[in-house]
Amino acid sequence: MAYTTFNRNDFDTFAQPMFFGEPVNVARYDQQKHKIFENLIEKQLSFFWRPEEVDLTNDRKDFIDLPEHEKHIFVSNLKYQTLLDSVQGRSPNVALLPVVSLPELETWIETWSFSETIHSRSYTHIVRNIVPNPAVVFDDITKNEHIVRRAISVTEYYDSFIHLANYYTQLGEGTHTINGETVEVTLRELKRRMYLMLVSVNVLEAIRFYVSFACSFAFAERAKMEGNAKIIKLIARDEALHLTGTQHMLQIMARGKDDPDFAVIAEECRDDVVRIFREAAEQEKGWAEYLFKDGSMIGLNKDILCKYVEYITNQRIGALGFDPVFESRNNPLPWINAWLNSDNVQVAPQEAEISSYLVGAIDSEVDTADFGDFDL
Amino acid sequence: MPGAGKTPRVGRRRWVKPKTIYSPAQTELDLPDTNHTQITFDFGDDVPSRPLRTKPVSEDVEQGDLFGFMAESPEPTPQIEFDGMQKPVFEVQFSDGRTARFQHANTLLESLESQDIHIEYQCREGYCGSCRTRLLEGEVHYIEEPMAWIDDDEILPCCCIPKSPLHLQ
């Protein structure tokens, strides 16, 4: 079905499925087929923050003092997160917007993706603070084999869907010959790829991110790189919302509340879902090994991090209605909950001028008056 | 001082200690003790107002403990009681035998935490789904609309209170 930016057909919005129905026309939010996406948009907007609100000047000092193997852990995580958010900042838009059929879902996808661009901007803010030349960190993302390997597994389902969806939006269903190559486009295959793509997105947001989060918070538990941890806390809050969004999409599909085709596909793909979760968990464990190759950090080592990966994988796959993949049942890093708790995050953009009200700020200003009671 | 760096310097100056306006003794007397916040509640004429907290928050026990202490202790203003209406106190039972009593807390999660039953949490606002718990029997009321995906037989303790005795898994 050809994409049009403003569909002039007369149709019943409530009869449309989430995807592959009539292209959206009026961006109206007075009525919603799935109210949850409207709620998610509202919540995400209320979470708005800017990286510059968090003062990182003390982190620079902390970073210089870190031993080499901890610098490696910190910078590698930053590279990985930069990769993940680079993907998330554009892919939901590119993949889902051409085939979305509900205005509230369309806006949720845009809001979701936009907030990922803020995360990307915050990595630049962090990197600028810790190294004199940010290029040494960013340029390595496409060269470092460990990061590149992550990039392949993160993007393969996106790319496979987008590839076929492009043919679908231009040529529709059928067997087409393009540049001498035969391409078969069926809606059924497209929907299958979309379902698997959403599962892999859910894995990205719900498992992959949390390995880096754990490291950032482990530094902050020792009062190191605290500004960074405050930014990560804001990112973690957004990611918790995003993964709720993808869980809802997947569950609406699987329960046949939307498009009956998806219910059948979800049933057929149950083994694939387990495989995607399991593979991702194994990849993240491999990543943990790379992180700690030169030595552990205080409070966190490869084994604990691997157990955490297993624990969080069980949690997330459970939310989709699957049985646990791994044996471990308890959270090996219980202190992380306090860092992930948004109660401790205060956002009030109008108060950004006053340092004491800054979101998660560390006041690094020293005034001469502070030495008033010093005697020389 | 903001802007102090902009004033042009003439020659080198020795740092001179600024004149003290208050003597140390006076300072202690005149200035309010900012480290010790004292919250008082007025209970009327018959009850003398009492300080609730005389320690700085940072010196206090961990926030979780503080939370716990607050959660299941009665508030200074007691619940309004209506004739013939039961006070909303409900027993909460777990299938592994643990029990708790919900009586004063803001949410089920806070109540359970204060009674040493720990449930995973993250957002405490109903959007992350970390505290998802299976409800076997009973009914809950949501103070805030839960946003996380939950099944029909699941509840989010972080944003609900019991409406009846509960049986949880």
Side-chain angles (χ1 to χ4, degrees), chain A residues 35-40 42-44 46-47 202 206 210 213 233 236-252 254-255 311-312 315-316 318-321 329-331 334-345 365-376, chain B residues 1-5 7 13-24 27-28 31 34 57 62-67 70-71 96 106-107 109-110 113 118-134 142 144-154 156 158-159 169:
Chain A
K35 187 168 174 290
I36 179 67
F37 297 115
E38 174 71 8
N39 295 351
L40 286 166
E42 293 282 342
K43 198 82 176 169
Q44 182 65 71
S46 78
F47 282 174
N202 188 241
Y210 281 77
F213 291 166
K233 204 168 162 168
R237 183 180 62 168
D238 290 341
E239 290 308 332
L241 199 62
H242 301 167
L243 77 90
T244 293
T246 33
Q247 278 171 0
H248 272 280
M249 282 184 221
L250 287 168
Q251 290 279 27
I252 291 170
R255 309 252 158 157
Y311 160 79
I312 202 122
Q315 283 272 312
R316 303 311 192 196
L320 294 181
R329 292 289 165 101
N330 287 331
N331 185 355
W335 48 264
I336 221 168
N337 287 344
W339 284 97
L340 293 170
N341 175 12
S342 62
D343 268 9
N344 306 333
V345 181
E365 274 209 4
V366 181
D367 195 278
T368 38
D370 294 334
F371 299 104
D373 53 356
F374 266 48
D375 261 332
L376 293 177
Chain B
M1 237 172 274
T7 44
R13 272 202 201 162
R14 206 165 54 85
W15 183 75
V16 187
K17 194 183 174 192
K19 273 183 194 169
T20 32
I21 301 163
Y22 300 105
S23 73
T27 314
E28 270 175 22
L31 294 177
T34 45
V57 180
E62 276 187 12
Q63 209 193 359
D65 295 351
L66 184 65
F67 234 13
M70 302 279 285
D96 59 4
N106 292 319
T107 64
L109 182 66
E110 282 182 18
E113 280 174 341
H118 294 280
I119 288 182
E120 284 299 319
Y121 70 87
Q122 205 187 103
C123 71
R124 302 181 84 96
E125 275 177 50
Y127 65 80
C128 79
S130 296
C131 60
R132 227 161 26 91
T133 310
R134 179 151 293 144
Y142 282 101
E144 263 179 273
E145 191 185 356
M147 286 174 78
W149 173 274
I150 40 169
D151 227 324
D152 297 336
D153 61 344
E154 287 172 333
L156 292 178
C158 73
C159 53
Q169 197 170 40

**Candidate pair B:Met147 and A:Glu42, rule side chain to side chain contact (heavy atoms under 4.5 Å, CB included), full reasoning** = CA-CA 11 Å; B:Met147 286 174 78; A:Glu42 293 282 342; over 6 Å; no
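- Taking CD of A:Gln315 as the reference point, atom CD of B:Gln122 lies at 9.5 Å (rounded to 0.5 Å).
- Here the straight-line distance linking atom CD of B:Glu145 with atom CD1 of A:Ile36 works out to 7.0 Å at 0.5 Å rounding.
- Taken to the nearest 0.5 Å, the CD1 atom of A:Ile312 stands 8.5 Å off from the CD atom of B:Glu120.
- Distance check: A:Leu340 CG to B:Cys128 SG gives 8.5 Å after rounding to the nearest 0.5 Å.
- At a threshold of 4.5 Å between non-hydrogen side-chain atoms, the residues B:Trp149 and A:Met249 do not count as touching.
- Looking at A:Arg255 and B:Asp151, their side chains come closer than 4.5 Å, going by heavy atoms from C-beta outward.
- In this structure, no portion of A:Leu320 lies under 4.5 Å from any heavy atom of chain B.
- With a 4.5 angstrom heavy-atom cutoff, A:Phe37 does not touch chain B via any of its atoms.
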